[in-house]
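Proteins get letters first, then strands, A, B, ... in listed order; numbering begins at 1 in each. Just so you know, these numbers come straight off a predicted model, no measurement behind them.
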There are 4 protein chains.
Amino acid sequence: MPSSEMLHVFQPTVEVPELNEWLALLSSRGADSSLMWLGATPVIVTTETATIPAPPRLARPVVTVPSGDGVRLGRRELRPEGTVVSIGPAKIGDGSVAIFAGPCAVESSEQMEDVARAVAGRGVVGLRGGAFKPRTSPYSFQGLKWSGLEMLEEVRLKTGLPILTEVVDTRHVASVAEVADALQIGARNMQNFELLREVGAAGRPVVLKRGFGCTVDEVLGAAEYILATGNDQVILCERGIRTFEQATRFTLDISAVALFKQRSHLPVMVDPSHSTGLPKLVEPVALAAVAAGADALLVDVHTQPEKALCDGAQALRPSGFRELVGRLEMLALGLGRNVSVVVDVDVRDAPVAQSA
Amino acid sequence: MPSSEMLHVFQPTVEVPELNEWLALLSSRGADSSLMWLGATPVIVTTETATIPAPPRLARPVVTVPSGDGVRLGRRELRPEGTVVSIGPAKIGDGSVAIFAGPCAVESSEQMEDVARAVAGRGVVGLRGGAFKPRTSPYSFQGLKWSGLEMLEEVRLKTGLPILTEVVDTRHVASVAEVADALQIGARNMQNFELLREVGAAGRPVVLKRGFGCTVDEVLGAAEYILATGNDQVILCERGIRTFEQATRFTLDISAVALFKQRSHLPVMVDPSHSTGLPKLVEPVALAAVAAGADALLVDVHTQPEKALCDGAQALRPSGFRELVGRLEMLALGLGRNVSVVVDVDVRDAPVAQSA
Amino acid sequence: MPSSEMLHVFQPTVEVPELNEWLALLSSRGADSSLMWLGATPVIVTTETATIPAPPRLARPVVTVPSGDGVRLGRRELRPEGTVVSIGPAKIGDGSVAIFAGPCAVESSEQMEDVARAVAGRGVVGLRGGAFKPRTSPYSFQGLKWSGLEMLEEVRLKTGLPILTEVVDTRHVASVAEVADALQIGARNMQNFELLREVGAAGRPVVLKRGFGCTVDEVLGAAEYILATGNDQVILCERGIRTFEQATRFTLDISAVALFKQRSHLPVMVDPSHSTGLPKLVEPVALAAVAAGADALLVDVHTQPEKALCDGAQALRPSGFRELVGRLEMLALGLGRNVSVVVDVDVRDAPVAQSA
Amino acid sequence: MPSSEMLHVFQPTVEVPELNEWLALLSSRGADSSLMWLGATPVIVTTETATIPAPPRLARPVVTVPSGDGVRLGRRELRPEGTVVSIGPAKIGDGSVAIFAGPCAVESSEQMEDVARAVAGRGVVGLRGGAFKPRTSPYSFQGLKWSGLEMLEEVRLKTGLPILTEVVDTRHVASVAEVADALQIGARNMQNFELLREVGAAGRPVVLKRGFGCTVDEVLGAAEYILATGNDQVILCERGIRTFEQATRFTLDISAVALFKQRSHLPVMVDPSHSTGLPKLVEPVALAAVAAGADALLVDVHTQPEKALCDGAQALRPSGFRELVGRLEMLALGLGRNVSVVVDVDVRDAPVAQSA
């Protein structure tokens, strides 16, 4: 990429012929320029760094900023008010605190329904659950795959909760996108750039988990692969990095939460479960994440953590989850925010699981 | 240390002869035992792990727990209600949020007084400032040393604010302890065990900063060196660890804040300034620290950061500091806590510095 | 995977019906068992940990070891003499030191030919060069892709040097495997498990680069994904991990080289160029790697590093490369080894590039 | 320190009055200047960066280089031929490979003598052994302290082997320096700057171990504290850094070995025992260290590792040590070097310990 380039952001109402005039104008001055889209917002990227004497009839850019570090569409300056991502009826990034909860892996229809009923209407906006599980060893449980996906679809029909699930192969994207309300890119695939491009093009909201060996700059670069497809429905998820400290599974980088908010307009999610690996740390770390500015939380909840096929050790029980939500509601008050709930979740006939 | 040993905690009112009887009893059973003091609280450490049939007239322990990992007196179980550390009139660990602020290094009497007046009465309980500065290069500013200490004494007399300052050599401890209300062990000296012993014996409260290459377990081990001298006035300070992430100066380990609170009864301080190295991150990280359970904050404040002799780049201006305190007060409400102030600070004639 | 299982290694000459008898025998005892292949060597994995009273006519296993840590086929005990990987005429793992050299990215036919002629016959066994380049930003040079692959094919035809090149998408594997003599899995894709499976099934030798945030155990786990497809032609490549030290691009983990050799039978390659990022460190680190037991080196060489489109800063010039080979030859003598050359490389009409 | 300054290195034969003339000349031009000593070599540091029109009768500097990064006397350019450090009769940095061996901690006179006899005359130039042991917990074995020091003195008298031992407190330096041939600064005290100054002033050779959380730049800065006292007998010791990788105790930074040699004129030692924590890795890592350019090795050897009071798990037995020396001798041949031996070690009556 050129070491020096400018970004001109136009109103979404500016029409393409007018943008093409701008491109022609820049081209006539010898500049390399192109039209990109931050969702519905046109952005012209150009190597021309001087002010351009354009005819008065042409619409002016509303924001003009230099690009840099390989990040264009994700820069905070392009959308200072922040991006709101819609996952089903839920809004992430609107100032509220949005909680996604569920088990690490889909294990059975019963398990998913139990968890969904235990969390629905109690402060969650979506259900998480992995059908495809990337595992260190090929001999570990790899997820229920396509049948797990069917179970997710089923539980969504029953509860109305939007589904967030991981996709691991470019060849699966279209099929997973048919079922999932939002697609998760796991930490191990954060720099699987072909997958990022494919997921961006699928048009679904994307939760991009930070690679545990990747920097803040690299997260923003990875997000840019998705944004460059025209899909601006991206959530950055801090889930801890690898450090020498082994008292927790990973080291949650709380400063990164604030940096993501300051450098990018994308909403930020935090995963206190996978980062700490310890249920007793989920609450304090979740509170800290929200205090640092996180828009959303991703919390492992299982009705029987001791029987979980994957990462059960770190899951909260439903009772612990409800305590967490109570604490978050109080904290949100102190921050002038509130905890989101999905209003149309169907939990009329949902007795709370007795196991909690 | 033995791999298996028990700790018996007695009421502070139990007299030494009675404790000696216990020791004799344990000795008669072939156990290695010793009497330690967690402040005024007697603790008997013994290799006897079975229940001891003691005569009824002997006072029973109020808590009996296994030791382990080289930590005895610092274990949470020994004092479940937590330790309150008194620094001048301030109480750290009583549920309130206590803020220490000031410049990284003492530069002049005027500078210290300016900063002190800018922060006194506005949410701080103590003034920080280094007279002895450990620096990577011998050719960098090393602090004003003894004259810096005199300036700290002077500013305390003028403002009534307690002073927290670093000590770097076993040979300095007695002299520094005469001036300082609390002694700081810097990150680079966290495992300078001779210094820890000497500082413990000086009888002043100690702020123990985590070494940037040290684990949570090692912090607890270092604290134990101080506690073992009979001094229980120890505050653990999380100030970031070294990781591959270079977007911030260090990576603040927010999970460690919660772990310290859960494993130890000692109050926990967080330094959002040195850990991030970026003024714009001080507020979100400070809020996160308090949400995670921190009892105290250590904040770099300078009236003229651009002229600071040491680490100015990360200091807040007084105006930024006051905004931070405002946000902290709101957050504390949501957590059912409050921000401490030192009530007898003399700021009657203290006009706020105009530079802010 | 079961927490306890045994591996029985048989002679490659043992026929499948006989192995099936073993499986039936184990099944009759209630054990879960399966037949796997370490290349041509049959391995029975079973949950039966007791010695099995088999009929004398059945061939006995030559090695029986417990499995563990999610690693089966990669364990050193299964092939104590080590695996030799053949890439074109080159043998990796036969005790010699095998050097692969070339530019980070394929830039043009001329560039590839220049480099190839500069290194051919002077101690290399293969040519490296990336046609598909995973880059942090979508706006950086992404490689010449399919046309780069054509250039690699061309230079192989001209020089006879085997080609090692990276593959980044499951959908590309078959096509890349038609051209490449060996497939490289880049650090960012080390835990792209779908890609590992696909690459394993393609039947080409694989160079598996360690993810910069991944542990030794995770590298062995990733190799297992490839081995489990029946492909035993896998080389583990240490290329540095992310640490707080920024004087080098990554921190080469020299102990991991020895650990890989001790725990696994697979040959080990080291990349001194990408790990250090500094040409002046390539020689000492390459010598260290070989002294620690590395079977192969992967060295960035460019005839005009200052004009490289990707990572030029770390490339050796041909003259520096030849000095390195000279030093390696002397070192190898001291270790009782030698530096491999590909004997049938056609460099009759290959004048050394004058730029060196 | 000033951001821009020059270093002028003079011949050791240049007399002080002549150097004072230079200082006066620089002062007359308004420059801040001072005279420092790299051992016997005068170095003038000055803020004057222009060439100075000095009278022809004044001796010229033999080297003139810019300073920077807080490092002056340690810069390679000041002594391109490298510094040779003398520890007893041993020379470190003269191109040979010098091995120091011994137990982690002094445990008894018998133990020290056993180890000394097992290694003396078999490739070592000095004996290591800690009398003062910094330990994570105050309840762990802290070394035999002063009586351990007496045992070290005793074993030196009996065997003639020079003694390398750690010093941990500024108040101990003079006493330890009376016994030890070389003083070790442990990793935990690398940035205990008061200790560095005191040790420098003691006039003994110093082995400066890298802090496990410290950068290459910080090691060079720490060395500068010692050099600035006029003591140029400093050895830099790489002993591994803390990283996420837990397969080894620390991650030996092999690139740092080469960087130290390139940036500094000081000899470099490597500790393969403490860095890996695994006896089976000591040999490959030691070989790698020497291949990367290390001048010396520090190897844990114990006649009964299983009974060691401290870090026994990582010690080689004498038999393993002798194998290592044999491999090192072969490797050194390939590098055109040789393994040093102390010629006047008195081992006439030293039967090799039978335990090996």
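Heavy atoms closer than 4.5 Å to chain B are found in both the backbone and the side chain of T215(A). The contact between K280(B) and chain A is made by backbone and side chain atoms together, counting heavy-atom distances below 4.5 Å. Heavy atoms of V216(A) lying under 4.5 Å from chain B belong to its backbone as well as its side chain. Contact annotation for L331(A): both backbone and side-chain heavy atoms come within less than 4.5 Å of a heavy atom of chain B. No part of R249(A) comes within reach of chain B, as not one of its non-hydrogen atoms sits under 4.5 angstrom from that chain.
Of the N and O atoms on the side chains of E5(B) and S67(B), at least one donor lies less than 3.5 Å from an acceptor on the other residue.
Ranked by heavy-atom pairs under 4.5 Å with chain B, the first of G240(A), G293(A), C214(A) is C214(A). Your options are L287(B), L278(B), L281(B), and the one with the most heavy-atom pairs under 4.5 Å with chain A is L281(B). Interface check for chain A: of the options A258(B), S255(B), A247(B), the most heavy-atom pairs under 4.5 Å are formed by S255(B). Ranking L259(B), V290(B), V257(B) against chain A, the residue ahead of the rest is L259(B), based on heavy-atom pairs under 4.5 Å. Of the residues considered (M330(A), K261(A), Q262(A)), Q262(A) shows the highest number of contacts with chain B, using heavy-atom pairs under 4.5 Å. The candidate from E218(B), E245(B), Q246(B) with the greatest count of non-hydrogen atom pairs under 4.5 Å with chain A is E245(B).
L227(A) has its side chain within reach of D232(A): a pair of non-hydrogen atoms, C-beta onward, lies under 4.5 Å apart. Two residues are said to be in side-chain contact when any heavy atoms from C-beta on lie closer than 4.5 Å; V282(B) and F321(B) fail this criterion. Residues P305(B) and R317(B) have side chains in contact (heavy-atom distance under 4.5 Å, counting atoms from C-beta outward). The side-chain heavy atoms of D271(B) and R128(B), taken from C-beta on, include a pair separated by under 4.5 Å. L333(B) has its side chain out of reach of L335(B): every pair of non-hydrogen atoms, C-beta onward, lies at least 4.5 Å apart.
The existence of a salt bridge linking E283(A) and R327(A) is confirmed by a sub-4.0 Å separation between a basic side-chain nitrogen and an acidic carboxylate oxygen.
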message: Between R263(B) and D217(B), is the salt bridge (charged side-chain N to carboxylate O under 4.0 Å, His left out) condition met? List the steps.
response: CA-CA 10 Å; R263(B) 291 200 190 160; D217(B) 283 341; 3.0 Å; yes
